[in-house]
Amino acid sequence: MSSPPLRLRITPPIGESFEHFCDGDTLVVGRSSKADLVLSDRFLSRLHARFFLEKETWYVEDLGSRNTTLLNGRPVASPMHLAAGDLVKLSETVISVEGFDAAAEKPRSAADELSSSDSILLRSASELMAAAEKESGDRMKLLNEVHRALATSISLEELLELVLDRAFAHLRPEEGMILLKNSLGELDQSATRRLPGASGEFLYSRSLAKEVAEKGQAALVLDAQTDIRFAAAESILSSGVRTLVAAPLLAPDANLGMIVLSSRVHVRRYSEEDMELLVALASVAALRIRNISLAEEAARRRALEREMTIARQIQIALLPEKLPEVPGYSLFATNDASRSVSGDFYEVQTRPDTGEPVIVIADVSGKGMSASLVAASLDALLMGPIEVGHPTDAICARVSRRLNARTPPERYATAIIASLDPKTGILSYTNAGHNAGLLVRADGSSERMGGNGLPLGLFPVADYDRAELALAPGDLVVLYTDGITEAANQAGEEFGLERLEEVVKGQAREPLVALAVAIETAVEVFAEERRFADDRTLVILRREPE
């Protein structure tokens, strides 16, 4: 008569419960790879308890565990017989005796397969490292050697090769592989090594990588041929029984990837001690990889900052070094970038034939380097039509067409282009989708400069209108970009045109530089030290009193 099989349900401290069938006469449970049922429970003894069959009756006995074994809440001091429904507690793991029959096993999830497979041991790498810190003797000597070897100043490629050197020297695999996460979080094969004569595909599995590189578990696979994760690797089946050990590359703030070592069993069979050593090696390597990555990132940042500084210097050089002097008028302009470079632009150019000043203020869509490059291109496109004497509406039409041909659809610029006749005080201007200019009269009244066309470069062909206004002595025109009016405080409220108008009216008779400082100060106070999201540019024109 055959012995009744033992059917158990295992509920580990972490993860889902699963069923286990014991068809033999004995089942040793523990966290060691030598156990028949290996469980990931940090307080479990290596060989914690044994279930065994004697005279057609199943018993459980404690194997001298540190935390003892409980049967229905009672310590197991000597073998105690089992009945259906009994609960056996091993540390934080609860084992329920489901029965003694060959009832069909219900379908199990992938998580159950991972947890219950007799061919694999999964352990928390963080817990293994905590335990390793308490080790002494030969283990600590080896770890100190690894620390010293990895402490030299080397490149990432050299570091990975050195890690494989140490792994091959102390764990003697047939093949090893280091996989690092890229910017998308995917694993890239960054370094590999094989002993002479080893061939075929590297022993690797996506589901195992998920456990190691994503969940931070160390893994010991005792027989890859019997593990469902490697069923698709046909070359493994023809190369003999394979054993594998893997550890995550855990840095303090991230899981950087994993290291995997494998070998045929007759060459090298890995143990739980090997897994603990690889975890220690991987932990040291991860810190060095992280440090190298941070150093390289800092170097890239410094190089970018130098490039941005140079770009800002070039951009400043493109702005007028000195505004033209126009008898009877005052001009002032300023540009403050929210980043290293600005997408705002201003220009005051005098027509060579008439001596009329043409004022330009523009705001390119987007921010940063790309916006600044479009601003530089816009500057070049404006010079020709201004010099040949085109009116402002014709300048906008011509520049818009050329800008559209040179830039992608999402790149365009809003602008106001104004031409001043100093003798008559007539200011002719075209607004290409820009914020309305502010006109403050000498008597303190104010009005918005009307007219609004399409932004420059938005469409291949666009028509623009030209408006005119007459500046009397004492009248003031303020042109600005939306970085001023849209500056927001902590509550998300914007500075707005009304506040700008109030400041301008209060300071309209002051020197223009004082007016510009008053505007900037008012915006900064309103923003409550919040970082500005956009560039801020001002161009101010006043007809001085006679």
With a 3.5 Å cut-off and no angle check, do the side chains of T481 and D363 form a donor-acceptor pair? no

Listing request: all salt bridge (Lys or Arg N to Asp or Glu O under 4.0 Å) pairs with a residue in residues 412-429, at least two apart in sequence or in separate chains. none

I'd like to know if R543 pairs up with D475 as an ion pair, taking the criterion as any Lys NZ or Arg NE/NH1/NH2 lying under 4.0 Å from an Asp or Glu carboxylate oxygen. no

Are a donor atom and an acceptor atom from the side chains of S155 and E158 found within less than 3.5 Å of each other? yes

Within the structure provided, determine whether E387 and R351 are in side-chain contact (heavy-atom separation under 4.5 Å). no

Looking at R536 and E520, is any side-chain nitrogen of the basic one under 4.0 Å from a carboxylate oxygen of the acidic one? yes

Holding to ring pair (Phe, Tyr, Trp, His ring centres under 6.0 Å), I want the full list of residues that pass it with F526, two or more places apart in sequence or in another chain. F495

Can R466 be said to sit on top of Y429's aromatic six-ring, NZ or CZ under 6.0 Å from centre and within 45° of the ring axis? no

Minimum-distance pair of heavy atoms, taken over all atoms of I417 and C396: CD1-SG, 3.7 Å

Charged N to carboxylate O below 4.0 Å: is that the case for E494 and R499? no

Can you name the closest pair of heavy atoms from Y464 and S400 and give their distance? OH-OG, 3.4 Å

Side chains of S190 and D188: donor-acceptor distance under 3.5 Å anywhere? no

Exactly one of Y480, Y346, F332 should register a side-chain contact (heavy atoms from CB on, under 4.5 Å) with V539. Which one does? Y346

Spacing of L261 atom CG and M275 atom CE [to the nearest 0.5 Å]: 13.0 Å

Rounded at 0.5 Å granularity, tell me how far CD1 in I359 sits from CG in L331. 5.0 Å

Got a sec, which pairs hit salt bridge (Lys or Arg N to Asp or Glu O under 4.0 Å) with one end in residues 394-408, sequence neighbours left out? none

Please confirm whether the backbone N or O of D465 pairs with a side-chain atom of T430, one donor and one acceptor, at under 3.5 Å? yes

